[in-house]
Amino acid sequence: MSPITGSYTASVRIENIARYDGQEVIIQGWLQLKTGKGKLQFLRVRDGSGIIQAVVFKGNVSAEAFEAARRLPLESSLIVTGVARADQRAPGFPGGYELDVRDLEVVQESAEYPIGPKEHGVEFLMDNRHLWLRSTRQWAILRVRATIIKAIRDWLDDNGFTLVDTPILTPAAAEGTTTLFQTDYHGMPAFLAQTGQLYNEANIFAVGKTYCFGPTFRAEKSKTRRHLQEFWMVEPEIAFCTLEQLLEIEEQYVSYIVQTTLRKRAVELAALERDTSTLAKVVPPFPRISYDDAVTRINAAAAAGVTVPPNDEPLPALPWGEDFGAPHETFVASLFDKPVFVHHYPSQVKAFYMESEPGRPEVCRSCDLLAPEGYGEIVGGSERMSDPDLLLAAIDRHHLPREAYAWYVDLRRYGSVPHSGFGLGVERTVAWLCGIDHIRETVPFPRLLNRLYP
RNA sequence: UCCUCGGUAGCUCAAUUGGCAGAGCAAGCGGCUGUUAACCGCAAGGUUGGAGGUUCGAGUCCUCCCCGAGGAGCCA
């Protein structure tokens, strides 16, 4: 142990409290909640790793310490010394233990804390997002998010993928479909990246299997529980990979992320009251259904008057060739108890660079992965066009400027290979695994249509 | 951009047909040795989002504006 760590190491992390049963420990943290009964005060203390109840009995501590415990405002910072002991009545996470307090030092007495132990409205909580993060639910989500991100990186790093970063400032619309945030680049227009995929396609020719992972930006005027203006996405890209091979990679990948999170964040998922039984089923293989078959089943169900959550509205019919709406995604996902692959979408609803299916030019070698329980599309992927002439024709067909894509077409002239890739949205994955209904809680400081503060 | 709903105490909400603007929680004071968003008592807390209009009288009705929420489109 380093000699300069000093008193820092003297404190115990609440998540490890079970190791110290019967011992005197020091906890450094904040007062999350308080209740009391005369000479007995119950302080719920959190330290970032967990939440524990500290019990202060007047007869066990100095008069000053007891008065502090009795009067201390919520969110005051404090250092508590006490004996860890098992108690079934003790609330908290991981729970099962409480602290029999012997001393209490106030680091700072908090000002009146705006967020109380009661219901609050969305606007108020979002205005106080910098404080809301301290609440149990938000804390648990942050911990799950961090674990999901680590799993996202670990699996790729351990399976031959090389991280190659892609630019955030880009010269033109990468896919030419969605609205981009524009900024000034020394007098030239520049745009915040909406994907790193095109650059990934260059990078696979250097490293074979690559991924980029970072924030991405969409300036669409979307106000729904599934959309952010700024969100994080991991985009793997693989050389010598067909659509069929891609799906096998995706189901291995997603299963690893889910199972790792279940194993490492059981306490946090319990704090979120997440029913993990459906998540436990997320293991390969995932069911596969073609767009054609999905449309058939949607229209049969629509004709039969099937309704879909969350509002139990009738499932609308879907003419072949149109993209799924939210109710269609929910319905198709509800047919299975695992994530489901929907493959071979109509080319007209997908990006220009997707490879056509041989013999069926109207559909492309694409695939979306729909999460169960109505969480919708969390992965979108495809096999990419590998022929330079067909790619140029697609660029023209979509009225995209050839000059901007010259380098991209170039990739198909020097040792072109079949290749595929996908993008996985971090926030939608977090929402799914945490079982929360709005994406704004899956990122510490969400960027929403009408919110840039805090 | 369009559709729907909303804005009253620090917070969550109520206020009958247009007739004295009220509760709970938080904050303050007092009490309580097993509380889980404790409980009991006392006291305090208001430019009803903004502007204009109708009326003897507007939180309530009308017009415009601002802000927020949910959804559609689009997407991860």
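Residue numbering restarts at 1 for every chain, and letters A, B, ... go by the order of the sequence lines. Every value quoted in this text rests on a predicted model; they were computed, and no experiment measured them.
- Of the nucleotides present, none pairs with B:A14 by Watson-Crick or G-U wobble criteria with both distances under 3.5 Å.
- Across the protein-nucleic acid pair, A:Leu228 atom CG and B:C74 atom P stand 19 Å apart, rounded to whole Å.
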- [ ] Mind running ring pair (Phe, Tyr, Trp, His ring centres under 6.0 Å) on A:Tyr97 and A:Tyr20 for me, showing each step along the way?
- [x] CA-CA 10 Å; A:Tyr97 289 84; A:Tyr20 298 89; over 10 Å; no
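- Judged by distance alone, with hydrogens and angles left aside, A:Glu112 brings no side-chain donor or acceptor close enough to the base of B:G28 to form a pair under 3.5 Å.
- Proximity of A:Arg226 to the phosphate of B:A72: a side-chain N or O atom is located under 4.0 Å from OP1 or OP2.
- Using a 5.5 Å limit on the distance between ring centres and a 30° limit on the angle between planes, the aromatic ring of A:Phe42 does not count as stacked on the six-membered base ring of B:G34.
- Between the base of B:A72 and the side chain of A:Lys223 there is no donor-acceptor pair shorter than 3.5 Å.
- Residue order along RNA chain B, read from the 5' end via each residue's closest nucleotide, puts A:Arg85 first among A:Gly423 and A:Arg85.
- The pair A:Arg46-A:Glu75 meets the salt-bridge criterion, since a charged nitrogen lies less than 4.0 angstrom from a carboxylate oxygen.
- Atom name C1', nucleotides B:A58 and B:G52: the rounded distance is 14 Å, in whole Å.
- For the pair A:Met233 CE and B:C75 P, the computed distance is 13 Å after rounding to whole Å.
- Ranked by how close their nearest RNA chain B nucleotide is to the 5' end, A:Phe124 and A:Leu33 are led by A:Phe124.
- Between A:Arg71 and B:A27, a side-chain N or O to OP1/OP2 separation shorter than 4.0 Å is absent.
- Straight-line distance from the CZ atom of A:Phe324 to the C1' atom of B:G73: 17 Å, rounded to whole Å.
- Taking only distance into account, the side chain of A:Thr224 never meets the base of B:G70 through a donor-acceptor pair shorter than 3.5 Å.
- Pairing of B:G57, defined by two Watson-Crick or G-U wobble distances under 3.5 Å, is not identified with any nucleotide.
- Shown here, B:G41 forms a base pair with B:C29; the pair counts as Watson-Crick or G-U wobble because both key distances fall under 3.5 Å.
- Between A:Lys221 and B:U1 there is no side-chain polar atom (N or O) within less than 4.0 angstrom of OP1 or OP2.
- Remark: C1' of B:A76 and CZ of A:Arg218 are 6 Å apart, rounded to the nearest angstrom.
- A donor-acceptor contact under 3.5 Å is not formed by the side chain of A:Gln41 with the base of B:U35.
- Across all strands shown, B:A72 pairs with B:U1; the Watson-Crick or G-U wobble distances both stay below 3.5 Å.
- Using a 4.5 Å heavy-atom threshold, the side chains of A:Asp437 and A:Arg225 count as touching.
- Ring to ring, A:Tyr291 and A:Phe324 are close: their centroids are under 6.0 angstrom apart.
- Remark: the A:Arg451 side chain and the B:C67 base include no donor-acceptor N/O pair separated by less than 3.5 Å.
- In terms of phosphate contacts, A:His120 brings no side-chain nitrogen or oxygen within less than 4.0 Å of OP1 or OP2 of B:C25.
- Taking 3.5 Å as the limit, the base of B:C75 and the side chain of A:His227 contain a donor-acceptor pair of atoms between them.
- Across the strands present, B:C64 finds its partner in B:G50; the criterion is a Watson-Crick or G-U wobble pair with both atom distances under 3.5 angstrom.
- You'll find the side chain of A:Arg70 stays beyond 4.5 Å of the side chain of A:Lys39, heavy atoms only.
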